[in-house]
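In the text below, chain A, chain B and the rest are named by the order of the sequence lines, each starting its count at 1.
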Amino acid sequence: MSAKKQETTYSPATNDFFGNVYDVVRLIPKGRVTSYGAIAAYLGSKRGARMVGWALGNGYTQNDLPAHRVVNRNGLLSAKLQFGTPTAMQEKLESEGVQVKDDKVQDWHNKFWDPEKELS
DNA sequence: TAGGTGACTAACG
DNA sequence: GCGTTAGCCACCT
């Protein structure tokens, strides 16, 4: 237990990458969704999409993190199984005004929220 | 210390 | 058009 930061709480100050991921996710407007790749690209690592998903998986323990607004580049709820129930993610999105059908975000292209453009 | 893993993405056959 | 392979980077065992 020295420099180990597996405090499970994963504060936004864990590191820049994680911090930015959480920060960006929290900045996603209600009723909007984005993709792992978009966040990764915003952070400067286009191929860091896996890190984004990984970060969310470890940080989702924080209920303040609207990870349900983050889906893969196809608008598919690839992480729905991580929300406890296969429909939890969809329920959350629909409750925010995002239409989800067949585990896929409807009107994805229009609901897409690009941090590079919105946060620029 | 080194290897494995992962809520992804893009390219290739 | 679909399946497979390779690349990415940081955390965990």
Would you mind reading off the distance between A:R73 atom CZ and B:dA7 atom P, rounded to a whole angstrom?
19 Å
Quickly work out the A:Q90 CD to B:dA7 C1' distance and round it to whole Å.
16 Å
Atom CD of A:Q82 to atom C1' of B:dC8: distance rounded to whole Å?
14 Å
Nearest-Å distance, CH2 (A:W54) to P (C:dC12)?
5 Å
Could you tell me if the ring centre of A:W54 sits under 6.0 Å from that of A:F18?
yes
Give the rounded distance in Å between these two atoms: CD1 of A:I39 and P of C:dC9.
17 Å
With side chain to side chain contact (heavy atoms under 4.5 Å, CB included) as the test, pick out the partner of A:V105 among A:V98, A:L76, A:N110.
A:V98
Quick note, A:F18 side chain, CB onward, closest among C:dC11, C:dC9, B:dC8 is C:dC11
Under 4.0 Å from OP1 or OP2 of B:dC8: is there any side-chain N or O of A:S35 that close?
no
A:N74 pairs by side chain to side chain contact (heavy atoms under 4.5 Å, CB included) with which of A:L77, A:N72, A:V71?
A:N72
Between A:R69 and A:E96, does any NZ, NE, NH1 or NH2 come within less than 4.0 Å of an OD or OE carboxylate oxygen?
yes
Could you tell me the separation between the CG atom of A:N74 and the P atom of C:dG1, rounded to a whole number of Å?
14 Å
Rounding to an integer number of Å, can you tell me how far A:L56 CG sits from C:dA10 P?
16 Å
To the nearest Å, how far apart are A:L81 CG and B:dA7 P?
10 Å
When we call it a touch if two heavy atoms are under 4.0 Å apart, what does A:G37 touch: a base, just sugar-phosphate, or nothing?
sugar-phosphate
Within the pair A:R50 and B:dA7, is there a side-chain N or O less than 4.0 Å away from OP1 or OP2?
no
